[in-house]
Protein chains: 2
Amino acid sequence: MHVRDRRVKRTQNLLAQALLALIAEKGYDAITIRDITERADIGYATFFRHYRDKDELLRDVADVVINELLEILFGQQPGQEPAAVGQLIFRYVADHSAVVRVLLGSRGPASLVQHVIQRGSENVLRQNKPRPDSPVPAEIAAHHLVASSIALIQWWIEHDMPYSPEHMGEIYRQLIVQPTLTSAFIIDPA
Amino acid sequence: MHVRDRRVKRTQNLLAQALLALIAEKGYDAITIRDITERADIGYATFFRHYRDKDELLRDVADVVINELLEILFGQQPGQEPAAVGQLIFRYVADHSAVVRVLLGSRGPASLVQHVIQRGSENVLRQNKPRPDSPVPAEIAAHHLVASSIALIQWWIEHDMPYSPEHMGEIYRQLIVQPTLTSAFIIDPA
DNA sequence: CCCTTATGATATACAATATATCATATTATA
DNA sequence: TATAATATGATATATTGTATATCATAAGGG
């Protein structure tokens with residue numbers, strides 16, 4: 001197992017941190033590559049030795065967070081208490097609000113949110129059994145579940161988290177999880 | 001009432017049509033202002049006599065469609081059949097799929113979708129009476145209703161509309177309208 | 001019909017991307 | 001620790017796209 005050159009790791013870390021800080025400051029679109037390299041105190045040309053463009057760096061940064069969140073959401077036993085899962089989500093978001101705000105917020109690129117929805121839907125479909133007689137196709141239900149979860153998180157973050165994670169978990173259950181599960185999936189109790 | 005100079009109207013129309021065509025072809029971000037003016041067969045500098053930048057032109061174009069859609073959704077009597085409203089939405093989308101695909105699709109900018117959600121939520125709140133004892137705040141319910149409607153439309157469009165508007169209307173009712181209304185609003189029958 | 005104004009064509013300043021080169025410093029590893 | 005490999009910094013440069021200014025011409029309004 002090769003440990004990559006420390007210089008590379010250092011550079012990429014500095015670039016990632018610089019990008020996150022800058023998105024929070026002025027939004028993704030307004031950032032130039034020179035902004036990033038100056039903030040990271042890295043030579044301008046060095047950026048292109050690691051990433052083709054801004055988007056590639058962002059994807060790299062985002063993957064870490066996305067995998068972490070998906071792990072929390074789907075890394076556990078299926079058939080778990082839906083309310084408990086909701087609390088877990090909003091606790092995680094609260095604990096990582098700086099980064100999540102950047103990645104899911106309106107200041108980040110839309111493509112990222114689409115990517116998260118894509119990966120989340122696949123997980124939902126993998127872990128839930130569709131109800132055969134439902135007029136709501138499982139694919140749509142999964143997409144709805146994930147997309148509206150993200151929308152709810154976005155609302156919460158953009159309004160500076162005015163309700164507790166517990167409260168949001170309950171809202172999440174009532175507005176999203178319960179209706180989706182009952183109308184499109186078979187609920188298997190533990 | 002002043003009728004604006006015909007030349008202005010003509011130029012802005014040409015720019016709008018060019019933008020829509022180009023977004024469909026290669027996505028919003030990839031478009032340059034020179035692309036637009038060449039497609040519209042308009043002088044490059046002329047663009048800036050009408051719009052500050054690409055985004056301003058897009059907003060101008062989008063407002064027409066957004067107002068039309070909101071008119072359909074909320075211009076009618078409240079307490080209407082939810083299923084009927086759902087069908088209206090998906091019929092409208094089907095009839096204007098080229099433009100809607102551009103405006104709500106992944107190739108357009110995220111800010112537009114946020115704007116639609118914002119305006120839609122305000123309308124929902126204005127036309128529905130919140131249930132006082134609900135753990136789900138009306139503001140969140142309204143946001144959820146609109147945001148997940150748009151997500152559903154996006155799914156439908158991006159999958160080339162595999163189900164009929166009637167079927168989508170039923171899915172819409174079951175997955176979104178019914179749960180949202182029952183958990184956060186007072187349903188008043190006609 | 002005449003005056004106003006929108007447009008086209010063109011030039012130019014400027015900002016940002018993307019690549020190339022070469023000397024230097026850092027790292028891996030034998 | 002010595003040596004070879006390579007990542008980095010600094011710099012130059014080509015390219016692309018934005019944004020503004022100017023002036024002659026054409027189109028439209030009253």
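Being a predicted model, the structure only gives us computed values, none of them experimental. Sequence lines set the chain letters: A, B, ... in the order given, protein chains first and strands last, and positions in each chain run from 1.
If you check every strand for non-hydrogen atoms under 4.0 Å, Asp35(A) touches nothing.
With side-chain heavy atoms closer than 4.5 Å counting as contact, directly or through intermediates, Val64(A) stands alone and belongs to no larger hydrophobic cluster.
The CZ atom of Arg10(B) sits 18 Å away from the C1' atom of dG29(D) (whole-angstrom rounding). Atom P of nucleotide dT18(D) and atom CG of Asp29(B) are separated by 12 Å, given to the nearest angstrom. Remark: C1' of dA7(D) and CG of Leu14(A) are 14 Å apart, rounded to the nearest angstrom. Between the CD1 atom of Ile42(B) and the P atom of dA26(D) there is a distance of 16 Å, rounded to whole Å. Separating the OH atom of Tyr51(B) from the P atom of dG17(D) is a distance of 22 Å, rounded to the nearest angstrom. Per the geometry, CD1 belonging to Ile36(B) stands 12 Å off P belonging to dG17(D), to the nearest Å. When rounded to the nearest whole Å, the span between NZ of Lys9(A) and C1' of dT8(D) equals 19 Å.
Partners of Arg10(A) according to the side-chain hydrogen bond (donor to acceptor under 3.5 Å, both in side chains) rule, which considers only residues two or more places apart in sequence or in another chain, do not exist here. For Arg7(B), the salt bridge (charged side-chain N to carboxylate O under 4.0 Å, His left out) test picks out Asp5(B), with sequence neighbours left out. Taking the side-chain contact (heavy atoms from CB on, under 4.5 Å) definition, one finds that Gln118(B) meets it with Glu122(B), sequence neighbours left out. With sequence neighbours excluded, no residue forms a side-chain hydrogen bond (donor to acceptor under 3.5 Å, both in side chains) with Ser134(A). Listed by chain and residue number, Gln87(A), Pro165(A), Glu166(A) satisfy the side-chain contact (heavy atoms from CB on, under 4.5 Å) test with Arg91(A) (two or more places apart in sequence, or in another chain). Under the ring pair (Phe, Tyr, Trp, His ring centres under 6.0 Å) criterion, Phe185(B) pairs with no residue, sequence neighbours left out. For His96(B), the ring pair (Phe, Tyr, Trp, His ring centres under 6.0 Å) test picks out Tyr92(B), with sequence neighbours left out. Partners of His159(A) under the ring pair (Phe, Tyr, Trp, His ring centres under 6.0 Å) rule, at least two apart in sequence or in another chain, are Trp155(A).
Five base pairs at each end of the helix from dC1(C)-dG30(D) to dA30(C)-dT1(D) define two local axes, and these are offset by 50° (rounded to 10°).
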Give me, pair by pair, the N or O atoms of the protein and of nucleotides 15-18 of chain C that are less than 3.5 Å apart, along with how far apart they are.
from	atom 1	to	atom 2	distance (Å)
dT17(C)	OP1	Ile33(A)	N	3.1
dT17(C)	OP2	Ile33(A)	N	3.3
dA18(C)	N7	Tyr44(A)	OH	3.4

For nucleotides 3-6 of chain C, list the nitrogen or oxygen atoms of the protein found under 3.5 Å from its nitrogen or oxygen atoms, one pair per line.
from	atom 1	to	atom 2	distance (Å)
dT5(C)	O2	Arg7(B)	NH1	3.2
dT5(C)	O2	Arg7(B)	NH2	3.4
dA6(C)	O4'	Arg7(B)	NH2	3.4

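When ring centroids are compared, Phe90(A) and Trp156(A) come within the 6.0 Å threshold.
Minimum interatomic distance between Ser121(B) and Val146(B) (heavy atoms only, all atoms of both residues): N-CG2, 3.6 Å.
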